[in-house]
Amino acid sequence: MIKSINNHIDKFLASLDDIDDNQKGIIKNKYATTVTDDLKKGHITSNVCMITASVANKNPKELAEILTKMLSDSSEFKTVESAGPGFINVTLHRADFTSVVNEVNKNLINYGESSIGKSKSVQIEFVSANPTGPLHVGHGRGAAYGDAIGRILSLSGYKVEKEYYINDAGRQIDILTTSVFIKVFKKHFTDFFPTNAYKGSYIEDIGSIFIDKNNPELSVDVSLLKDDLPIDEEKEIDELILRIKKNEPSLWLNLKDFALNEVLTSIKDDLKLFNVSFDQWFYESSLGDVSDKNSQVAAAINTLKDKELAYEEKGAIWLNTSSSGDDKNRVLIRDDGRATYFASDVAYHKDKVDRGFNKLINVWGADHHGYIKRIEASLDGLGFEKEKLSVQLVQFANLFKDGKKVKMSTRSGDFYSLADLIKDIGTDAARFYYLSKQADQHLDFDLDLAKSDTKENMFYYIQYAHARICSLITKYEEEYSQLPESAQSISNGSYKSCDKLIHEMSKYPNVVARSCSALQPHLIIFYLKDFAHTFHSFYNDNHVLTESKENIDSIIYCLCGAKTVISNGLGLLGIKAIEKM
RNA sequence: GCGCCUGUAGCUCAGCUGGAUAGAGCAACUGCCUUCUAAGCAGUGGGUCAGGAGUUCGAAUCUCUUCAGGCGCGCCA
């Protein structure tokens, strides 16, 4: 029906001959015809007259009068009124208003879908945590967010590819390997453990499994490895890495692959538990080494050099990023010939664009925001439209348990992992609360609340509505065996208690669309909260199963739709609606 | 110092590309269970939308500025 009203609005705009086509284009882009926030204002509302007034410097109320008359004359709608500063409020004929119930019941899991994505391909890169240890709760928010926007974009007509970038090439992996190496040979190393090595218990676990499978032995004296290391923490670990690589080359490679694989497996397991899936796992190492002229890293840097954006200074290769607004230029290749993380990332983004995506979304921790300019500059330099890239920042979440802040990590290497969180409150509650606030803002995540059974716990409040509906439907099925296929007394207007619920239902597609264009899943959460409230209120005021058979049929048919809306909404967040509480 | 984010009820937060009397939960107070799940519903009180200026028919929303808080500014990843 919104489409029909917009058709009339098109004619209305066409009839205004003192406004030029350019202005009309602006108006068409800006105005909105939507479901009203409240039934008191009718069913559908449009602000087109106010937009027209501001663009063309006219009187909104006068325009509203004209449009009201046009819409009224069509007799397509029950009533049309101009209201407030110039809104057009349309009340639909009963059958049109209630038709959304049929629509929901017909489309089921597809209710809410749209084609705003126009089948464009979009790649979402998220989590991409260094494979040096298990995922912790800091990664959870990005995981929930990236996965949710993937689902929302898919439903909105985008072709979505979700990717995890594995930093398996840098120093961090060397430190991981070294840490495990020491644990494997802990008898030889006795108490020795470098300050900057990883200390979590998972390191020891990986070491134990490696011993079981390989029963390795050192071919050199351990003192050759650990004696006379530099005192500086950073230099100490770097020197140790070098010595192990040199003295135990095959063991090193073997152990490195093993450790990386173990950690990645644990990451994948956790993500699976968290109901997050990826289409691609991209290995940084596949970009090759800068020393190899045929590698992608070298190719990307050469391209930048050819364009005179990359240059040599103080023995290093720099990228001119400041010309694109960065604070200073950045190093691509260090003076010792090793590539920086940034160089790999430039090559990685070149690869992404070469794969032909229409749109790239990077989900990054908010602490990386200083990095955006840099990567944009490199895309610019490689001749790509930086508008294709959208970086979504995810702020840290502070977790509170027993009223106290949960420490993310400690020196000892112990931390509250994503797996711990899932064990504590479950995947669904965790995802829900991660997504309950705009991603780029600080989130205080109260674990006690997430487990509590009060109304304050929005998650259970919504689930409870779904469970109540399921319970009614089950009871109906026990009595009548077959679910109703229409809502007679609702569509003919003899039963109106569901009207508010129907009105809420009709808002859903627009919520999904907004959530899609803003990349904000939390909009769905707040919608569901309102929707659940509308249902609970209805449930209290109406005793469904003692109504007349005709009314019961209608209500149940309508509630099947309500159930679909809740489970679809939660589904977009990667959360399963529960049928019984 | 520079850059980004935030400031809405006592608390935690919504507020859709500027729009109709600024909303919800918690907390406080008052009602509602012999019938479908009370993890629920209905109601009352509570606001200088951090302060100031501007843009306009119209600002919590946009611009500027002040104040307060958070984060980022490596040849780390």
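Keep in mind the model is a prediction, meaning the values are calculated, not measured. Residue numbers start from 1 in every chain, and the chains themselves are labelled A, B, ... in the order their sequence lines are given, proteins ahead of strands.
For A/D232, the side-chain contact (heavy atoms from CB on, under 4.5 Å) partners two or more places apart in sequence, or in a different chain, are A/E234, A/K235. Every side chain to side chain donor-acceptor pair (under 3.5 Å) that A/Y464 has, sequence neighbours left out, goes to A/R468. Residues meeting the salt bridge (charged side-chain N to carboxylate O under 4.0 Å, His left out) test with A/K28, sequence neighbours left out: A/D10. The salt bridge (charged side-chain N to carboxylate O under 4.0 Å, His left out) check on A/D499 picks up A/R94, with sequence neighbours excluded. Scored by the salt bridge (charged side-chain N to carboxylate O under 4.0 Å, His left out) test, A/D168 finds no partners at all (sequence neighbours excluded). In this structure, the side-chain contact (heavy atoms from CB on, under 4.5 Å) partners of A/K30, at least two apart in sequence or on a different chain, are A/I26, A/I51.
Residue contacts shown for A/A518 are absent, as no nucleic acid heavy atom lies under 4.0 Å away. As judged by a 4.0 angstrom heavy-atom cut-off over every strand, A/H369 is placed among the base-contacting residues. Using a 4.0 Å heavy-atom distance criterion, A/F526 is classed as a sugar-phosphate-only contact. Among the heavy atoms of the strands lying under 4.0 Å from A/Y371 is at least one base atom, whether or not backbone atoms are also near. Here A/S515 lies out of heavy-atom contact (under 4.0 Å) with every strand. Heavy atoms of A/K580 sit under 4.0 angstrom from at least one base atom. Across all strands shown, A/D238 has no heavy atoms under 4.0 Å from either base or sugar-phosphate atoms. Heavy atoms of A/L523 sit under 4.0 angstrom from primed sugar atoms or phosphate atoms, though from no base atom. Across all strands shown, A/S54 has heavy atoms under 4.0 Å from base atoms, whether or not it also approaches the sugar-phosphate.
Between the CZ atom of A/F531 and the C1' atom of B/A14 there is a distance of 19 Å, given to the nearest Å. What separates CZ of A/F535 from P of B/G40 is a distance of 13 Å, to the nearest Å. Rounded to whole Å, the distance from CZ on A/R374 to P on B/C76 is 11 Å. If you measure from atom CG of A/N57 to atom C1' of B/U56, you get 10 Å, rounded to the nearest angstrom. Spacing between atom CG of A/D38 and atom C1' of B/A22 amounts to 15 Å, rounded to whole angstrom units. Rounded to an integer number of Å, the gap from A/I469 CD1 to B/G40 P is 15 Å. As a whole-Å value, the separation of A/D327 CG from B/C2 C1' is 6 Å. Spacing between atom CG of A/L449 and atom P of B/C13 amounts to 11 Å, rounded to whole angstrom units.
For an aromatic pair to be called close, the ring centres must be under 6.0 Å apart, and A/F126 with A/Y145 fails this. For A/H136 and A/H139, the ring centers are positioned less than 6.0 Å apart.
A ring pair (Phe, Tyr, Trp, His ring centres under 6.0 Å) with A/F445 is found for one member of A/F396, A/Y434, A/F432, A/F459 and no other, namely A/Y434.
A salt bridge links A/D336 to A/R338: at least one charged side-chain nitrogen sits closer than 4.0 Å to a carboxylate oxygen. Here A/K507 pairs with A/E504 in a salt bridge; the nearest charged N to carboxylate O distance falls below 4.0 Å.
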Please list each protein N or O that sits under 3.5 Å from an N or O in nucleotides 5-10 of chain B, with the distance.
none

Do any N or O atoms of the protein come closer than 3.5 Å to N or O atoms of nucleotides 33-36 of chain B, and which pairs are they?
from  : atom 1 : to     : atom 2 : distance (Å)
B/C36 : O3'    : A/K475 : NZ     : 3.4
B/C36 : O2     : A/L545 : N      : 3.1
B/C36 : N3     : A/V544 : N      : 3.1
B/C36 : N4     : A/Y539 : O      : 2.8
B/C36 : N4     : A/N542 : O      : 2.5

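Look at the C1' atom in both B/C26 and B/C62: the space between them is 33 Å, to the nearest Å. Annotation: B/A60 and B/G43 have their P atoms spaced 26 Å apart (nearest Å).
A side-chain N or O of A/N329 and one of A/S322 form a donor-acceptor pair less than 3.5 Å apart. There is a side-chain donor-acceptor pair under 3.5 Å between A/N362 and A/H349.
Interface residues of residues 549-563 of chain A facing RNA chain B, ordered by number: none; criterion, heavy-atom separation under 4.0 Å. Residues from residues 503-514 of chain A with heavy atoms under 4.0 angstrom of RNA chain B, sorted by number: A/R514.
The base of B/A20 is not paired with the side chain of A/N47 by any donor and acceptor separated by under 3.5 Å. Not a single donor-acceptor pair, N or O on each side, falls under 3.5 Å between the base of B/A77 and the side chain of A/T340. With hydrogens and angles ignored, no donor-acceptor pair under 3.5 angstrom links the side chain of A/H368 to the base of B/G72.
The aromatic rings of A/Y348 and A/Y165 lie parallel to each other, with less than 30° between the two planes, well short of the 60° mark. Using the six-membered ring where Trp is involved, A/Y371 and A/F342 have ring planes that are perpendicular, over 60° apart on the 30 and 60° scheme.
Regarding contacts with the backbone of B/A42, a side-chain N or O of A/H533 is found under 4.0 angstrom from either OP1 or OP2. Between A/R334 and the phosphate of B/A77, there is a side-chain N or O to OP1/OP2 separation shorter than 4.0 Å. Within the structure, every side-chain polar atom (N or O) of A/Y461 is placed at least 4.0 Å from both OP1 and OP2 of B/A38. The phosphate of B/C13 (OP1 or OP2) has a side-chain N or O of A/K437 nearer than 4.0 angstrom. The shortest distance between the side-chain N/O atoms of A/R468 and the OP1/OP2 oxygens of B/A38 is below 4.0 Å. In terms of phosphate contacts, A/K529 brings no side-chain nitrogen or oxygen within less than 4.0 Å of OP1 or OP2 of B/G15.
Positionally, the nearest nucleotide of RNA chain B for A/S46 lies more toward the 5' end than for the other of A/S46 and A/A339. Comparing A/T36 and A/E284 by the nucleotide of RNA chain B whose heavy atom lies nearest to each, the residue mapping closer to the 5' end is A/T36.
Base orientation at B/C32 is anti, since its O4'-C1' glycosidic dihedral falls outside 90° of 0.
Listed by first and then second residue, the side-chain hydrogen bond (donor to acceptor under 3.5 Å, both in side chains) pairs that reach into residues 514-526 of chain A come to none, sequence neighbours excluded. Residue pairs meeting the salt bridge (charged side-chain N to carboxylate O under 4.0 Å, His left out) criterion with at least one member in residues 532-551 of chain A, sequence neighbours excluded: A/K549-A/D553.
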